[in-house]
Amino acid sequence: MAINLRSLATLFSTLCVALISGAQTVWYNPLDAPIPFLNGRAWNEEIGKSFARMPERIRQNMPGGVNYLAGQSAGMSVRFLSNSHEVLVRYTLTDNYDYKNMPPLNHSGVDLYATDANGKTHWIGNHMAWDFKKNPGDTIVFAYRNISAPEFSDRGLAFELFLPPYNTLKSLEIGVDEGAGFRFIPQSAERPVVVYGSSIVHGASPSRPGLMWTTIMKRNTDYPVLNLGFSGCAYMEPAVFEAMSEIDARAYILDPMPNSYSIGEEIYTRLMAGVKILREKSTAPILFIETAGGVDSVFRNDVNTAYRAGDAWMRKAYETLIGEGIKDIFYLSHDEIGMDEDCYIEGTHPNDIGNMRYAAACTAKLREMLPEDWAPARFSPIPQHRDGSYEWYDRHNEVIIRNHTQNPEVLLIGNSITHFWGGEPVSRNLGGDSFKKLSGKRSFTNMGFGWDRIENVFWRIIHGELEGCSPKHICLLIGVNNIYNGDSDEDITDGIVALAKIIRERQPKAKLHVIKVYPAAGLELRIAGLNALLEKKLPIDEFTDLLDFTDVLTLKDGSGKIDPTLFIEGEGLHPIEKGYERLVKALKPHLK
């Protein structure tokens, strides 16, 4: 029998990793699902079990270079939840490139970030624990060791592994400690930001994948970002715009000029045609980006002159489209990006500093393009996964899909008090049959999420939960977890008022019922004062009211104390079925 030396080498590498780690490793493959657990690409189900960015149906109509590069995983990531203290990544690639403007860690490496249970994201270094191979197809291993979560350690971390931007993945598996929890996080159901461009979008040339400007912008905004960068091939062909028009985008960012500057008047012609292709299907805002380069103009003004000539044609297309009444077209000049001589590795591709500036400029422009998506700094929108009784990210996706497909008449927004009442999406039910009495034959979506605070509700609303539906009523009950978090009454009431404003902006025809914070054991007096402050601050109009159900849940002796028979025994925060029954009688008349 012939000996397969490559297989032996792969086995030896895997055994070495296991011996070094000192523990058994359990491996998981993101492609082992009907819809792959890959983030950062459209057509996820259609593409199936590969790491390409476009399906074959679309690739075959693309120019040759775009077709080939669409097989690379630029901007894509794998997200997963785990409480493992070690994360191993083993993968194989089709090519062993030797780019003169990128180190292997950039073009063929992976990069790991993690978000803790309270929504704080940080990078995780592997401290030289990686092993690139000489031959294409050999197994590459990256190891991340001694990982610990500062809080809620049993809940672990929400990891995001950014994939190689400038190579073609053949296989990839993620390994965690035997006995550790593990769960892939599916791609977000919300609308993405779609970025089209040249090698600078594709991923040249920061030091590692997580410092590509598109991935920095993704972390800045938490938006899903689809990277359609094609190195040396960004010439705005109609087929590219046709492909982008298939994507239900939050925004489009067009950055082809580092390649297209050389085609002269065709820049104008192709941009005009391309934007009209997008506008046939989408009203999403569109951003034009000038060439950011030319910073070495003191001694190489020839390059700068050529770039600026190309930009002039882009500017003409932008101004013509505005003059024709095409709405939501935006422009980012090279001066706004603000590159300087320290931002490039060779004058063409930005280094880490340059990618950070690129990302900062585009993030600022997205704030201008999507002003409704920005919350008060005091309650900067963040996700969370503190509650072990359900998976927060999965529930977020379930709510988006339900609201798009069911068009519910009533939405209930809140924390665990709302979450555990009942209804759809299904989860823990403390309310017994009371929810059915509330909803009757009408369609409701329960948008309560256990452990949520004001900042988490901001994140959920900004990230698509109120889209795709036209409810008649929206109920908002939030704030008690912010009390437990140590936030002041002033901040909490300001946060609730700001939430009401952002809900009204997204659903101006719905009747919004802001519900005063329910009393809780030991906090009755504090909550009464908070509610009084909320009554002073919340603007009331024909579409917004403020409901007070304090009397429903408190004793009738005038003490203001909760009625303990209505709450979980010994806890005094979450109602039981008897308490929810009373809330049904109080709330139902307002939902006619």
Side-chain angles (χ1 to χ4, degrees), residues 38-42 47 50-54 58-59 62-77 93-95 97-111 162-169 192-219 224-237 239-241 243-244 247 252-262 287 289-293 337 339 343-352 354-359 361-362:
L38 296 176
N39 298 271
R41 74 174 180 184
I47 296 171
S50 86
F51 295 91
R53 288 180 285 165
M54 287 182 173
I58 292 177
R59 290 174 65 178
M62 292 292 165
V66 174
N67 183 359
Y68 172 73
L69 295 171
Q72 299 183 342
S73 52
M76 289 167 56
S77 67
L93 301 167
T94 62
D95 299 294
Y97 291 120
D98 184 20
Y99 289 104
K100 62 183 180 182
N101 64 327
M102 283 182 283
L105 186 60
N106 173 205
H107 63 70
S108 298
V110 295
D111 212 356
F162 289 101
L163 304 183
Y166 259 92
N167 213 320
T168 303
L169 271 169
V193 174
V194 179
V195 187
Y196 168 64
S198 66
S199 56
I200 297 172
V201 172
H202 194 146
S205 295
S207 57
R208 51 185 173 85
L211 291 179
M212 294 163 51
W213 76 260
T214 55
T215 57
I216 297 172
M217 184 180 71
K218 178 187 185 301
R219 294 195 302 278
V225 174
L226 305 189
N227 184 312
L228 295 180
F230 303 105
S231 182
C233 300
Y235 290 104
M236 301 182 288
E237 295 88 350
V240 176
F241 285 98
M244 285 193 287
I247 303 169
Y252 293 101
I253 296 178
L254 307 181
D255 187 28
M257 294 306 293
N259 291 156
S260 291
Y261 77 93
S262 61
L287 174 63
I289 302 182
E290 286 188 352
T291 311
I337 299 172
M339 297 294 214
C343 292
Y344 284 84
I345 64 167
E346 78 299 62
T348 300
H349 299 99
N351 56 23
D352 291 349
N355 274 275
M356 290 175 187
R357 294 224 184 142
Y358 233 96
C362 287

Is there a side-chain contact between [X] and [Y] (heavy atoms, below 4.5 Å)?
| X | Y | value |
| --- | --- | --- |
| Val110 | Pro164 | yes |
| Phe241 | Leu254 | yes |
| Val225 | Thr215 | no |
| Met102 | His349 | no |
| Met356 | Leu211 | yes |
| Pro256 | Val240 | no |
| Arg208 | Asn106 | no |
| Asp255 | Tyr358 | yes |

Whether [X] side chain and [Y] backbone form a donor-acceptor pair below 3.5 Å:
| X | Y | value |
| --- | --- | --- |
| Ser260 | Ala234 | yes |
| Ser205 | Asn101 | yes |
| Asn67 | Pro63 | no |
| Asn39 | Pro224 | no |
| Glu237 | Ala239 | no |
| Asn355 | Pro350 | yes |
| His107 | Asn167 | no |

Spatial distance of atom [atom1] ([X]) from atom [atom2] ([Y]) [nearest 0.5 Å]:
| X | Y | atom1 | atom2 | answer |
| --- | --- | --- | --- | --- |
| Met212 | Met217 | CE | CE | 10.5 Å |
| Tyr99 | Ser231 | OH | OG | 6.5 Å |
| Arg219 | Thr214 | CZ | OG1 | 9.5 Å |
| Leu287 | Cys362 | CG | SG | 6.0 Å |
| Tyr235 | Ser262 | OH | OG | 4.5 Å |
| Ser198 | Ile289 | OG | CD1 | 10.0 Å |

Might you point out which heavy atoms bring [X] and [Y] nearest each other, and give the distance in Å?
| X | Y | value |
| --- | --- | --- |
| Leu226 | Arg41 | CD2-N, 3.2 Å |
| Pro258 | Ile200 | CG-CD1, 3.9 Å |
| Cys233 | Asn259 | N-OD1, 3.1 Å |
| Arg53 | Asn227 | NH1-O, 3.0 Å |
| Leu105 | Pro209 | O-CD, 3.3 Å |
| Met54 | Arg59 | O-CD, 3.2 Å |

Tyr196 and Phe230 aromatic ring geometry - parallel, tilted or perpendicular at 30°/60° bounds: tilted
Ring centroid separation Tyr166 to Tyr97 under 6.0 Å: no
Step-by-step side chain to side chain contact (heavy atoms under 4.5 Å, CB included) determination, His202 to Gln72: CA-CA 9 Å; His202 194 146; Gln72 299 183 342; 3.0 Å; yes
